[in-house]
Number of protein chains: 2
Amino acid sequence: MTLDEILPDLRRQSADVRHAETGLWAASMLRERISAGQLAPGAKLSEEPLCEVLGVSRNTLREAFATLARERVVTRIPNRGVFVTRPTADDIREIYRVRRFLEPAALAWSIEPKTDALHAAIARARVARRAGSVPGMASANQDFHAAIVALTGSERLTQQMTQVLAEMRLVFHSMEDDPLFHAPYIDDNAVILDTFEAGERAAAAALLVDYLHGAEQQLLAAHARA
Amino acid sequence: MTLDEILPDLRRQSADVRHAETGLWAASMLRERISAGQLAPGAKLSEEPLCEVLGVSRNTLREAFATLARERVVTRIPNRGVFVTRPTADDIREIYRVRRFLEPAALAWSIEPKTDALHAAIARARVARRAGSVPGMASANQDFHAAIVALTGSERLTQQMTQVLAEMRLVFHSMEDDPLFHAPYIDDNAVILDTFEAGERAAAAALLVDYLHGAEQQLLAAHARA
DNA sequence: ACCACCCGATTGTTCAACAATATTTAGAAA
DNA sequence: TTTCTAAATATTGTTGAACAATCGGGTGGT
């Protein structure tokens, strides 16, 4: 998917922007498209046409770029331009390194955990599986893992997890989707949640670590193939 | 400490800046001053004088502001300006929430840990204590805890810890320093490191959690007084 | 085929202006 | 005098155009 194809689509939404947040608005606009895969990893984000389409000046667009670069959604190469980040194998390893600390820690040590969001995510994933919706399963699965970290009650940790999951989406986009990738993990999630609610936190954390190791291996293999 | 007093000092360093990274340079310039306490929490960072002094345009300065705002070093109030962040009691709680997950997890679960940096930090802290240097103790103590998270081998987690420690410095600056605050923690650090190297990771993590709870309470009390 | 070099295109940065919003000042009313 | 309202002022938000710096590709020579 190249840039030009989505320009008209973007232009449609550039109507009502308020003062004092144009840069953030532009950033969220681009973030959406990238997250949805309409702007694929590796795609170049040229300033000129994007300004034109978003209806913002180059200066404002660059503020948006700075935001996205800090989120690692976009990679800036000096004097070359900004590109949708194309995750490397090392990125995948690093992502799972982070997840293997954040998620088990949340399961093991969070105070007064509310598991509603976790149950809801699993339910949504099952609906999506029955409907055969790969994006639905992917999204629900991500919600589940975000909810795990949200158990910590920490805004900053949750935010970091959200960011890492956004990077995960880039990983998925940068290789052809195996339609069966997400399906088996749904039941694993359910088992982890059961174990957790049975009060066996350490066991739940250990299960999750295995789970994450498995997923990492699978993704690394797929990445090597691509 | 007001803005004007450090302007001449800042101007001195604004000589050799390269193309394609002026924004980041300006950000690091300000970050330094804030971290050193020369720009105290609550201080207003006006665009006009800062541009003048750093020798950059308002646009570039605003890119720097965006960077610092994302690091929470600086708080942006729309149409009002940017201010050095003044941490609240809730911020303190959140900071320790993050630390109580990140640091114990690193102790408990990191692979092939290299403890050289930890020993070095403790040694530096002891030298500083003998010299009666409060900033020296504070800095060495922060290095110790940064090194704990660095055990994870994760760039992102280490970066988040660095950021949280930068927020800690703001906390210290926003209340009068108790010269004895850091001293007792040095030996606690040593005990934790010994326990860790004895292979008793869970015990070391537990000690650290207690330690962090204690420090949080102490800071919250001091914050309430101020 | 290989290399140095120039040219065009794009990014990096500045400047000056205007729009939008806050703050301050001044004046009117009580 | 005090208080409230409203215009004047200052500061931030955003734009557009200009120029400098850098990169990539093409050109020509060997």
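The figures here come from the full heavy-atom set of this structure, side chains too, leaving out hydrogens, waters and symmetry mates. The model shown is predicted, which means the values in this text are computed figures rather than measured ones. We name chains A, B, ... by the order of the sequence lines, and we start the count at 1 in each one.
Between B/E71 and B/R31 there is a salt bridge, since at least one side-chain N of the basic residue sits less than 4.0 Å from a carboxylate O of the acidic one.
Put simply, B/T60 has a side-chain N or O that comes within less than 4.0 Å of OP1 or OP2 on C/dT14. Dashed line: the shortest gap from a side-chain N or O of A/R80 to OP1 or OP2 of C/dT11 is not under 4.0 Å. Here A/K44 reaches the OP1 or OP2 of C/dT11: one of its side-chain N or O atoms lies under 4.0 Å away. The side chain of B/T22 places an N or O atom within less than 4.0 Å of a non-bridging phosphate oxygen (OP1 or OP2) of C/dT13.
When the P atom of C/dG8 is taken as reference, atom CD of A/E48 falls 18 Å away, rounded to whole Å. Taking atom CD of B/E52 as the reference point, atom P of D/dT11 lies 14 Å away to the nearest angstrom. With rounding to whole Å, A/R62 atom CZ is found 10 Å from C/dT10 atom C1'. When the P atom of D/dG24 is taken as reference, atom CD1 of A/I77 falls 9 Å away, rounded to whole Å. D/dA21 atom C1' lies 7 Å from atom CG of A/N79, rounded to whole Å. C/dT14 atom P lies 14 Å from atom CD of B/E47, rounded to whole Å.
Ring centroids of A/Y185 and A/H145 are separated by 6.0 Å or more, keeping the two rings apart. When ring centroids are compared, B/F181 and B/F172 come within the 6.0 Å threshold.
Using a 4.5 Å heavy-atom threshold, the side chains of A/L170 and A/I34 count as touching.
Residue B/L61 is the one, among B/L61 and B/R58, whose nearest nucleotide of DNA chain C lies closer to the 5' end (criterion: closest heavy atom). Across the interface with DNA chain D, nearest-nucleotide mapping of B/N59 and B/V82 shows B/V82 to be the residue nearer the 5′ end.
Side-chain proximity of A/S57 to the nucleotides C/dG12, D/dT15, C/dT14 is greatest for D/dT15.
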